[in-house]
Amino acid sequence: MKVAVIGSGGREHAIALTISKSKNLSELYCIPGNPGTKNFANNVQLNTNQSESIVQFSIDNQIDLVVIGPEQPLVDGLSDELRRNNIKVFGPSSEAAKIESSKSFAKKIMNEANVPTSKYREFTSSEIDDAKKYLSTCNFPIVIKADGLAAGKGVVICRDLDEALDNLFKITINKVFGDAGNKILVEEFLNGEEASVFAITDGKIFITLPAAQDHKRVGDNDTGKNTGGMGAYAPTPLITPELELVIQQKIIKPVIDQLNKAGIPFIGCLYAGLMITADGPKVIEFNCRFGDPETQVVLPLLDGDFLEILYSAAAGKLNSNAVKYNGGSAVCVVAASKGYPDRYEKGFQISGLDIEDPEIIIYHAGTVEKDGQIVTKGGRVLGITAVLRENNIRNARNKVYEVLKKIRFKNIYYRNDIALKA
Ligand code: AMP
Ligand code: GLY
């Protein structure tokens with residue numbers, strides 16, 4: 001099979017690397033890929049926002065499967081455009097991707113399907129007075145969310161009424177999250193520990209992969225700003241086999257069925273962001289794609305043929321037995337540029353990338369090759385990941401922090417407490 005992976009981050013590096021191990025693969029392209037994927041795939045420099053060029057490339061190169069990594073091209077309809085041209089795609093239609101691109105849509109589907117999630121009210125920007133009135137009746141803390149896509153930043157937890165009114169104003173009038181704030185949700189605050197569960201589905205049936213925990217805040221002990229994710233580990237001991245069953249039956253299945261009933265089947269990876277509360281798991285959000293950095297720890301824990309599970313989902317006939325959990329464990333620490341998620345400098349040479357250790361994977365996320373050297377190009381630069389055949393997060397954690405001492409670039413920053421909770 002000839003396969004193209006769309007995207008350039010650590011997630012896409014992990015997806016492509018796992019696909020590259022399939023015996024069914026003949027040719028692997030990464031569009032545009034990164035210096036890490038260049039070691040085992042063909043990087044192709046096309047603009048992922050221009051669906052025509054990706055469709056044309058897929059036709060010209062007789063691509064059997066396109067795997068779309070990031071949410072933006074999905075929301076923009078890249079999979080629809082490819083399917084119109086009879087190209088198989090792992091990734092939902094633009095309509096189904098609304099489960100991520102509209103929090104209001106996600107809540108509607110969840111309520112119709114009776115899926116446990118926080119109570120909420122929604123207000124458009126012309127209903128600010130109603131929102132103010134409602135906030136004055138709420139218990140705090142409360143969560144205010146912009147309805148649309150805001151690169152993981154459109155969520156604020158407000159400790160009191162003043163903070164809530166201030167954020168209401170910032171989102172709906174100052175438009176700090178742009179048009180994403182044309183509608184807002186005011187949500188009940190959930191207490192508990194978070195977990196990410198990926199379901200791979202052909203639109204009808206699904207399998208779930210080992211559950212992971214992300215670390216979204218920039219600082220140790222979950223302090224500071226929200227980021228795209230500073231590290232992850234899997235499997236998380238938080239999700240017991242009994243809890244996994246509850247998540248499959250009370251959350252994933254009803255949502256897939258409800259989307260189907262609404263005539264918008266979801267084909268791809270349905271990502272459930274969960275809060276494990278005293279009353280059981282509740283949905284914080286759904287995403288329409290694999291999570292990053294969770295993918296960097298989850299995929300190396302799969303035995304079997306990852307390409308087969310993706311292809312069979314895309315073809316509408318999921319082969320549920322194509323992959324299974326191998327009993328191992330993995331910890332990923334993101335090496336970032338100091339200053340991220342705000343301003344940071346880039347263009348610094350990276351050393352230590354030549355580590356040869358079968359238990360270590362160095363995923364590239366924000367790097368670029370310049371005059372034969374690999375230099376920093378983004379906020380999240382590398383995902384340093386230890387993968388063990390045994391389920392021992394402590395050992396994996398120790399291993400990854402040993403290796404991190406050997407990775408060097410100017411202004412390197414990483415959290416020191418990844419996986420400590422586990
Ligand atoms: P989201 O982008 O919806 O995943 O929200 C980002 C982060 O905000 C989540 O990972 C949680 O840590 C936090 N969060 C979002 N919604 C809630 C909620 N209803 N209760 C508590 N924390 C929340
Ligand atoms: N790790 C969070 C996300 O991918 O949205």
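Values in this document were obtained by computation on a predicted structure and should not be read as measured data. Each ligand, and each atom within it, is numbered from 1 in the order the structure gives.
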The atoms of ligand 2 lying under 4.0 Å from a heavy atom of Asn287, numbered in the order shown, are 5 (O)
Counting from 1 in the order shown, the ligand 1 atoms closer than 4.0 Å to a non-hydrogen atom of Glu194 are 9 (C), 10 (O), 11 (C), 12 (O)
Exercise for the section: Classify the ring geometry between Phe198 and Tyr271 as parallel (under 30°), tilted (30 to 60°) or perpendicular (over 60°). Expected result: tilted
Check: Do Lys175 and Asn182 have side-chain N/O donor and acceptor atoms under 3.5 Å apart?
Finding: yes
Atoms of ligand 1 under 4.0 Å from any heavy atom of Val155, numbered from 1 in the order shown, are 1 (P), 2 (O), 3 (O), 5 (O), 8 (O), 15 (C)
More than 12 non-hydrogen atoms from neighbouring residues, nucleotides or ligands closer than 6.0 Å to NZ on Lys261, yes or no? no
Exactly one candidate in Ile207, Thr18, Asp305, Ile200 meets side-chain contact (heavy atoms from CB on, under 4.5 Å) with Val323; the answer is Ile207
- Less than 3.5 Å between some nitrogen or oxygen of Asp292 and one of ligand 2, yes or no? yes
Asp303 meets the salt bridge (charged side-chain N to carboxylate O under 4.0 Å, His left out) criterion, sequence neighbours left out, with Arg389
Min over Glu100, Met275, Glu187 of heavy-atom distance to atom 22 (N) of ligand 1 lands on Met275
Within 4.0 Å of some non-hydrogen atom of Lys145, the atoms of ligand 1 are 3 (O), 15 (C), 16 (N)
Less than 4.0 Å is my threshold; does some heavy atom of Phe290 fall inside it relative to ligand 2?
no
Strictly below 4.0 Å, N to O, side chains only: are Glu187 and Lys103 in salt-bridge contact?
no
Taking distance alone, with no angle check, do Asp214 and ligand 2 share an N/O pair under 3.5 Å? yes
A student checking ligand 1 against Lys103 at a 4.0 Å heavy-atom cut-off should list atoms 2 (O), 3 (O)
Within 4.0 Å of some non-hydrogen atom of Val143, the atoms of ligand 1 are 16 (N), 17 (C), 18 (C), 19 (N), 20 (N)
Between Glu294 and ligand 2, does any nitrogen or oxygen pair lie at a separation below 3.5 Å?
yes
Is it the case that the side chains of Gln296 and Asp292 hold a donor-acceptor pair, with the cut-off being a distance below 3.5 Å and no angle test? yes
Hey, is Gly228 one of the residues with a heavy atom under 4.0 angstrom from ligand 2?
-> yes
Indicate yes or no: does an N/O atom of Ile284 lie under 3.5 Å from an N/O atom of ligand 1? no
The option among Asn191, Ile157, Val156, Leu185 carrying the non-hydrogen atom nearest to atom 13 (C) of ligand 1 is Ile157
Polar side chain donor-acceptor pair, Thr37 to Asn43, under 3.5 angstrom
yes
Testing the 3.5 Å rule here: is there a donor-acceptor pair between the side chains of Lys183 and Ser104? yes
- request: Assess the side chains of Lys107 and Ser118: does a donor N or O sit below 3.5 Å from an acceptor N or O?
  value: yes
Applying ring pair (Phe, Tyr, Trp, His ring centres under 6.0 Å) to Phe266 and not counting sequence neighbours gives none
Does at least one non-hydrogen atom of Arg289 fall below 4.0 angstrom from an atom of ligand 2?
-> yes
Strictly under 4.0 Å, does any heavy atom of Gly291 approach an atom of ligand 2?
yes
So the atoms of ligand 1 within less than 4.0 Å of a heavy atom of Lys216 turn out to be 10 (O)
